[in-house]
There are 4 protein chains.
Amino acid sequence: MAVPTDAPARAKGRPRNAATDHAILEATRSALAELGWGGLTMGHVAQRAGVAKTTLYRRWPSKNELVVDAVAVLFDDLEMTDLGSLRADIEAVVQRFAALLSRPETQAAMLALFAEGTRDPLLRQRIRESIVDPQKRLVHQGRANAQARGELPRDIDEAAARQEVDIIFDTIAGAVEHRILVSGEPACEQWISRFTTLLLAPLAALSTGHP
Amino acid sequence: MAVPTDAPARAKGRPRNAATDHAILEATRSALAELGWGGLTMGHVAQRAGVAKTTLYRRWPSKNELVVDAVAVLFDDLEMTDLGSLRADIEAVVQRFAALLSRPETQAAMLALFAEGTRDPLLRQRIRESIVDPQKRLVHQGRANAQARGELPRDIDEAAARQEVDIIFDTIAGAVEHRILVSGEPACEQWISRFTTLLLAPLAALSTGHP
Amino acid sequence: MAVPTDAPARAKGRPRNAATDHAILEATRSALAELGWGGLTMGHVAQRAGVAKTTLYRRWPSKNELVVDAVAVLFDDLEMTDLGSLRADIEAVVQRFAALLSRPETQAAMLALFAEGTRDPLLRQRIRESIVDPQKRLVHQGRANAQARGELPRDIDEAAARQEVDIIFDTIAGAVEHRILVSGEPACEQWISRFTTLLLAPLAALSTGHP
Amino acid sequence: MAVPTDAPARAKGRPRNAATDHAILEATRSALAELGWGGLTMGHVAQRAGVAKTTLYRRWPSKNELVVDAVAVLFDDLEMTDLGSLRADIEAVVQRFAALLSRPETQAAMLALFAEGTRDPLLRQRIRESIVDPQKRLVHQGRANAQARGELPRDIDEAAARQEVDIIFDTIAGAVEHRILVSGEPACEQWISRFTTLLLAPLAALSTGHP
DNA sequence: CACTAAACGAGACGGTACGTCAAGTCTTAAG
DNA sequence: CTTAAGACTTGACGTACCGTCTCGTTTAGTG
């Protein structure tokens with residue numbers, strides 16, 4: 001005698017423990033920092049989180065997705081501030097990005113994810129959606145602030161503005177990543193200052209009308 | 001380094017087959033391109049190269065070193081040409097670098113090596129020595145050409161010149177890598193042109209004497 | 001036993017669905033026949049019976065008890081008939097027993113239960129009480145019939161009679177089981193006839209007074 | 001420089017350690033006796049034998065085959081002796097068979113194997129070939145001895161003799177197994193004597209020419 | 001009639017063992 | 001001393017069931 005319930009989304013069965021998610025992600029981050037990507041095993045994470053291995057697999061299909069989620073939150077801390085000048089704003093955000101990239105768990109996670117992403121288009125998409133693209137907001141906001149201050153000309157073409165954001169984003173992110181992750185040298189204050197100088201030149205040029 | 005080819009001291013027993021080295025490195029590259037880092041197994045490489053696993057381990061201590069050697073040679077093709085203008089030279093070398101980074105085996109190998117490098121300082125050093133730093137010659141040579149043409153001022157301070165090379169190198173390499181490997185979008189002609197423009201502004205500024 | 005049907009004490013809450021018991025036992029038998037003991041999982045039985053796993057465990061403490069109950073009922077069909085002669089009666093009952101043992105679910109269940117019984121004395125006891133010993137009634141009744149017809153002498157000693165029943169039971173049951181389950185050959189009419197002959201000899205000898 | 005080796009099958013690579021086989025089989029038997037079939041895990045056996053799990057799987061495809069091999073040797077001890085009379089010979093061999101069946105590892109192994117055999121025809125065949133059928137030699141030899149002594153008539157028909165051996169074998173093996181494994185009662189001296197009496201009657205009858 | 005207590009489904013959960021795979025080492029015989 | 005072949009130890013993998021638990025939902029009888 002089936003009584004059709006019109007409940008839209010009935011959660012059946014025992015509900016998942018929400019705290020478990022946090023415990024797992026936290027365990028993932030700490031294990032990642034200590035052991036690196038290669039040393040990160042699902043069994044290990046489960047043990048650290050005080051959770052059965054099956055529980056991990058019930059929530060994340062693989063190590064990749066788990067680490068994406070575990071790492072993504074780290075980037076939420078990046079914020080664009082308005083310090084009154086474009087140079088100051090750029091230096092501040094670069095400094096924060098560099099600090100983030102200097103943390104061991106970020107290093108291990110980022111490059112390992114990028115590496116896996118070269119093989120798995122879906123993973124690459126997830127990485128872009130969850131981690132990379134959201135950071136473009138920093139460039140958008142920085143430009144908006146500078147435009148409000150009159151340091152940069154207003155956007156005329158929407159598409160051109162997006163292209164410019166993309167290229168600036170690739171340049172900043174790429175340079176800092178290469179400096180820290182590949183060259184393995186710190187992004188010290190001096191380096192940031194010099195890099196900002198390098199970056200400001202074309203922006204200034206743009207603002208004065210040169211192609 | 002892991003491949004002692006030139007024999008200063010005459011070996012006693014059966015000599016190594018030199019062709020084996022090439023077969024192994026070639027097998028490594030093709031396996032890497034097809035299967036990615038995770039799918040690359042020593043047993044697999046050995047089988048492809050028609051060689052026993054023992055032979056691999058006798059010549060390279062681990063997968064990392066093997067891949068470094070297998071990939072390093074790809075970068076030897078990068079050459080700086082003198083096309084008569086700094087813009088043309090930059091565009092040409094960026095185009096070649098982008099083409100190299102678009103090849104699947106390069107993608108898989110580079111990021112995987114960088115990822116491993118974040119965990120293993122010795123490996124990072126080997127990567128820098130074998131792969132990364134040698135490419136700085138391109139920046140050096142490009143600057144020298146431009147200086148010879150009078151497009152850039154002569155170096156005054158040796159140390160300052162090296163710093164400038166470093167920051168330009170990090171910027172170019174980082175931006176192209178981020179564009180292709182992380183953002184996953186091609187470095188098309190238009191992008192290269194725009195990026196070169198961005199890059200030329202500060203160089204031009206430098207040439208006019210600004211710090 | 002694990003299925004308390006008659007309710008001496010009035011249950012308070014929602015009463016159990018009696019049909020569920022039958023559905024579960026039927027599902028157990030069919031799953032057993034198809035998948036064998038090793039392939040029989042509680043989750044599977046539950047699914048087949050259209051029932052939650054919890055419901056199974058609420059009614060039977062373990063797979064063992066469930067299978068005992070599921071299989072025991074099969075043996076209720078065995079009946080001793082009075083066909084007018086001891087030989088005919090023995091052949092008839094052996095034939096029925098052989099037919100029962102030829103059914104796949106009986107085979108899988110019986111041997112699996114016996115196997116588990118070697119490890120778990122309580123289970124062995126349950127098996128004997130629910131399945132094995134009840135069949136001794138067949139031997140008892142067969143002897144009684146034969147005695148009524150004068151084919152066998154009356155019992156003098158109660159204990160001796162029980163011993164004789166035991167040994168005849170072990171012999172008949174064991175031989176048929178070994179033939180079908182171990183040797184894996186059918187108990188055809190000819191085999192039954194020959195085996196009955198073998199069995200009648202000592203009974204005849206007993207009837208003529210030998211110890 | 002062909003050196004003609006007359007070795008029929010040249011073993012390449014590192015040869016298997018023969019002692020490992022014995023260690024594994026011994027570990028299997030002892031684990032079986034202590035933990036029973038259900039408690040017997042491949043990992044456990046490997047650990048006991050001081051061997052990696054993979055080594056087990058390299059040599060035996062599954063638990064079944066391993067246990068067959070481990071148990072089969074136990075039956076090699078059964079021997080038919082010539083004690084001068086058919087009764088004595090039967091009692092002796094039944095006693096030995098009963099003793100063998102009383103050992104815990106034999107109990108756990110036999111019934112579990114028979115149980116698995118009901119599902120897997122190939123396994124059943126292996127069991128018959130390795131364990132069951134070889135024991136028929138005992139019946140053959142016992143008959144031969146008795147014939148030599150004149151206690152039993154000579155065989156006339158080869159096929160009939162084989163059928164007789166089969167039925168005697170099923171009866172003896174089945175009765176003892178049922179007594180010990182199913183009924184769970186010991187095959188004491190008295191039981192053996194009574195069972196032998198039961199068995200001798202038809203044999204005597206046969207020897208006097210009855211069908 | 002509403003209340004109550006058990007039955008019930010669904011599925012999360014901590015475990016244990018599975019059988020497979022690759023890493024890197026070791027052992028043999030052949031060159 | 002190199003090489004090919006393959007045995008070997010180790011350890012993680014992802015899966016399958018286990019038996020328990022925690023929910024929300026029936027469903028009868030009773031207060």
Side-chain angles (χ1 to χ4, degrees), chain A residues 1-3 5 7 10-18 20 38-44 46-47 49-59 61-63, chain B residues 10-17 20 38-47 50-63, chain C residues 10-17 20 38-47 50-63, chain D residues 1-3 5 7 10-17 20 38-44 46-47 50-59 61-63:
Chain A
M1 51 184 71
V3 177
T5 44
R10 263 306 296 116
K12 314 195 77 176
R14 175 176 172 178
R16 290 191 176 171
N17 185 348
T20 299
L40 181 74
T41 71
M42 294 299 259
H44 212 110
Q47 203 172 357
V51 142
K53 225 179 5 157
T54 33
T55 300
L56 256 68
Y57 284 107
R58 204 173 288 120
R59 301 177 183 217
S62 81
K63 201 159 88 166
Chain B
R10 256 322 289 128
K12 303 273 304 240
R14 173 175 171 178
R16 287 189 177 173
N17 185 348
T20 299
L40 181 75
T41 72
M42 296 299 261
H44 212 110
V45 170
Q47 203 172 357
V51 143
K53 238 189 339 169
T54 336
T55 304
L56 256 68
Y57 283 106
R58 201 172 290 115
R59 300 179 182 213
W60 289 275
S62 82
K63 200 158 90 165
Chain C
R10 253 328 286 127
K12 301 275 305 238
R14 172 176 171 180
R16 288 189 178 171
N17 185 346
T20 300
L40 182 75
T41 72
M42 295 300 260
H44 212 110
V45 170
Q47 204 174 356
V51 142
K53 233 184 352 162
T54 337
T55 303
L56 256 68
Y57 283 107
R58 206 172 287 121
R59 301 179 184 215
W60 287 275
S62 82
K63 200 158 90 164
Chain D
M1 54 183 71
V3 178
T5 43
R10 256 317 289 120
K12 311 195 76 177
R14 174 176 173 177
R16 290 191 176 170
N17 185 347
T20 299
L40 181 75
T41 71
M42 296 299 259
H44 212 113
Q47 202 173 356
V51 143
K53 228 181 359 161
T54 31
T55 300
L56 256 69
Y57 284 106
R58 200 174 292 117
R59 300 178 183 217
S62 82
K63 202 158 89 164

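The sequence lines fix the lettering, A, B, ..., with proteins before strands; numbering per chain opens at 1. Everything quoted here is computed from the prediction, not taken from an experiment.
- Using a distance-only test at 3.5 Å, with no hydrogens or angles considered, no donor-acceptor pair links the side chain of C/Lys53 to the main chain of C/His44.
- Taking CG from D/Leu56 and CD from D/Gln47, the interatomic distance works out to 12.0 Å, rounded to the nearest 0.5 Å.
- Taking OG1 of B/Thr54 as the start and CZ of B/Arg59 as the end, the distance is 11.5 Å to the nearest 0.5 Å.
- Between the CG atom of D/Asn17 and the C1' atom of F/dT9 there is a distance of 13 Å, rounded to whole Å.
- For D/Gly43 and A/Thr20, each mapped to the nucleotide of DNA chain E holding its nearest heavy atom, the one lying further toward the 5' end belongs to A/Thr20.
- Mapping A/Ser62 and B/Val51 onto DNA chain F via the closest heavy atom, the residue that lands nearer the 5' end is B/Val51.
- Residue-level contact check: C/Gly50 touches the backbone only, with heavy atoms under 4.0 Å from sugar-phosphate atoms and none from bases.
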Write down the protein N/O and nucleotide N/O pairs, taken from nucleotides 20-22 of chain F, whose separation is under 3.5 Å; answer none if there are no such pairs.
from: F/dC21; atom 1: O2; to: A/Arg14; atom 2: NH1; distance (Å): 3.1

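- Two residues, A/Met42 and C/Met42, neighbour DNA chain F, and the one matched to the more 5' nucleotide by heavy-atom proximity is A/Met42.
- Under the rule for a side chain to side chain contact (heavy atoms under 4.5 Å, CB included), the partners of D/Ser62 that lie at least two apart in sequence or sit in another chain are D/Asn64, D/Glu65.
- Taking atom NE2 of B/His44 as the reference point, atom C1' of E/dA23 lies 15 Å away to the nearest angstrom.
- Nearest approach of C/Arg16 to C/Arg58, heavy atoms of both residues: NH2-O, 3.2 Å.
- Every residue two or more places apart in sequence or in another chain was checked for a side chain to side chain contact (heavy atoms under 4.5 Å, CB included) with D/Arg14, and none qualifies.
- A straight line from CG of C/Leu56 to P of E/dC8 spans 11 Å, rounded to a whole angstrom.
- When the C1' atom of E/dG9 is taken as reference, atom CZ of C/Arg59 falls 13 Å away, rounded to whole Å.
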